4 protein chains.
Amino acid sequence: MKIDPRSHVPIYLQIADGIREAVAAGIYSPGESLPSLRVLALDVQVNPNTVQRAYDELARDGLIYSRRGKGLFVAEQGKANALERARKTVRRLFDQGVQAGHSAGMDANDIRAVFQASMSAKEKQ
Amino acid sequence: MKIDPRSHVPIYLQIADGIREAVAAGIYSPGESLPSLRVLALDVQVNPNTVQRAYDELARDGLIYSRRGKGLFVAEQGKANALERARKTVRRLFDQGVQAGHSAGMDANDIRAVFQASMSAKEKQ
Amino acid sequence: MKIDPRSHVPIYLQIADGIREAVAAGIYSPGESLPSLRVLALDVQVNPNTVQRAYDELARDGLIYSRRGKGLFVAEQGKANALERARKTVRRLFDQGVQAGHSAGMDANDIRAVFQASMSAKEKQ
Amino acid sequence: MKIDPRSHVPIYLQIADGIREAVAAGIYSPGESLPSLRVLALDVQVNPNTVQRAYDELARDGLIYSRRGKGLFVAEQGKANALERARKTVRRLFDQGVQAGHSAGMDANDIRAVFQASMSAKEKQ
DNA sequence: GTGGTCTAGACCACA
DNA sequence: GTGGTCTAGACCACG
């Protein structure tokens, strides 16, 4: 997982989003255990409190749950849940972009062109 | 201009973005004067200092300039500047959306479908 | 005289400085009359109050004096006065530049090089 | 850092310039943390908001960056950035001085003499 | 009237 | 503890 400590997006959210995406993409499956607080904290080089906050966020969403003394696990509905949420995130970002372009006087074709450029850039990666 | 005081986006940025879009869309033209600090503050129901910070942001970007005792004016290159910036904002949002979808395991068609939905929703407004 | 309404330097100071330099350079001589408020205001396209403030500034410095009903005149010591002041202004600007360069870790040769560049640029005009 | 509250240069700019020079001179190095808002505010005897505005200025220039909850840090390109900017500041001041002298009828030798005096005065400090 | 700076003090998010 | 935002209200410079 890539963490950018200079980003204005809080680190705990970057971590939570990274895990959400990993679950949605099937990298972690329902029932499977997640990296422990300390392991993940070492991995991404942040304070364990920060990782804790990320896991709290995910638990509140019902994406993961903890079993005392056993660790953290992906919930049964975790993957569907994460996918649904990812789709909403994408939709929200697109809505914002479309709205911003529209407000600035761009027409539908202008906006579509920008989207195509964005898709092409991604495919070339 | 619509301001959402509960948004996580700072009010001063919401105001700055609103003006930027207005300039990009030609609502305010180069050389024209903008609403005074106090007038806009009353209009959007915030403290004049907050409006000033928004105008400050725009002045630093070269979108507007101030003449003490006279008021605030749209810079000559203001419209081009704002359009350019709006385009970049749209592109950044789309890039983020595409990236988020991709990370969550959505394929290009999934992502395109979400974009289409977003465009359709906008057109229906 | 060139006035830049977008400059952060107040217009009345730009006008006062312009006249000071003109007197120092001998464009206006002691005993000679200066353009009237209204004429100068029309010339540089500003409010007569602003020109008045510039003339006030100059009168306080003893560079010019007014004769009621007759107009404004350059004082006897005006040219020497203005030259002395110009020299001080130049010295102050150079002192600031030298100080700024020094504080930023530039050595004497670095600073001299910048000065030479500045002189060369002026000569080429 | 020396702050002159009676100067016409706003306090926040005096602070920003002081930090810029310190970075250019290598007193603070890339990656290193800067004094916290509150500490610096106590140090220079001004309101923390004023210090924040200074840091804001520097962050917008890319000289420093902030990490909420952690502190303020010198950017990787901070030193080069600051040096470049310092050079421009020196050049601007010299240009202004040369221009002022020229407008007042001083010739190149007069102007050079003032510069030499300025350099000598600095060396004697 | 205009914009610009500064203070005091509040509250929030983050680590 | 850190930085970030906002308000209220003061005072100044300018035109």
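Here the structure is a predicted model, which means the values were calculated and not measured. Within every chain, numbering begins at 1; the chains are lettered A, B, ... in the order of the sequence lines, protein sequences first and strands thereafter.
- For the strand DNA chain E, secondary-structure stems (runs of at least three Watson-Crick or G-U pairs, all distances below 3.5 Å) span E:1-14 with F:1-14.
- For the pair A:Tyr12 and E:dC14, the criterion of a side-chain N or O lying under 4.0 Å from OP1 or OP2 is met.
- Smallest separation of non-hydrogen atoms from B:Ala100 and A:Glu21: CA-OE2, 4.0 Å.
- Atom-to-atom distance recorded for B:Tyr28:OH and B:Leu72:CG is 11.0 Å, nearest 0.5 angstrom.
- As a whole-Å value, the separation of D:Leu37 CG from E:dA8 P is 16 Å.
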Exercise. Walk me through it: do D:Gln99 and D:Asp95 pass the test side chain to side chain donor-acceptor pair (under 3.5 Å)?
Key: CA-CA 6 Å; D:Gln99 172 62 41; D:Asp95 279 352; over 6 Å; no
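- Of all non-hydrogen atoms in D:Leu37 and D:Tyr55, the two that sit nearest each other are CD2-CD1, 3.4 Å.
- Between D:Gln14 atom CD and E:dT5 atom P the separation is 12 Å, expressed in whole Å.
- Interatomic distance, OH of B:Tyr12 versus CG of B:Asp17, reported as 10.0 Å (0.5 Å rounding).
- If you measure from atom CD of B:Gln45 to atom P of F:dA8, you get 11 Å, rounded to the nearest angstrom.
- Side-chain atoms of D:Ser36 lie closest to F:dG3 of the nucleotides F:dC14, F:dG3, E:dG3.
- Here the C1' atom of nucleotide E:dC12 and the NE2 atom of A:His8 are 16 Å apart, to the nearest Å.
- Atom CZ in B:Phe73 sits roughly 12 Å away from atom P in E:dT2 (whole-Å rounding).
- A salt bridge links C:Glu57 with C:Arg60: the distance from a Lys NZ or Arg NE/NH1/NH2 to an Asp or Glu carboxylate oxygen falls below 4.0 Å.
- Comparing B:Arg38 and A:Ile11 along DNA chain E, the residue whose closest nucleotide (by nearest heavy atom) sits nearer the 5' end is B:Arg38.
- D:Gln14 and D:Ser7 make their closest contact through NE2-CB, 3.5 Å (heavy atoms, listed as atom of the first residue, atom of the second, distance).
- DNA chain F is contacted by D:Asn49, D:Gln52, D:Ser66, D:Arg68 of residues 47-68 of chain D, taking any non-hydrogen atom closer than 4.0 Å.
- Taking the six-membered ring for Trp and thresholds of 30 and 60 degrees, B:Tyr65 and B:Phe73 have nearly parallel ring planes, at less than 30 degrees apart.
- For B:Val39 and D:Val46, each mapped to the nucleotide of DNA chain E holding its nearest heavy atom, the one lying further toward the 5' end belongs to B:Val39.
- Counting to the nearest Å, the P atom of F:dC12 and the CG atom of C:Leu13 are 18 Å from each other.
- With respect to the salt-bridge test (charged N to carboxylate O, under 4.0 angstrom), the residues A:Asp56 and A:Arg53 do not qualify.
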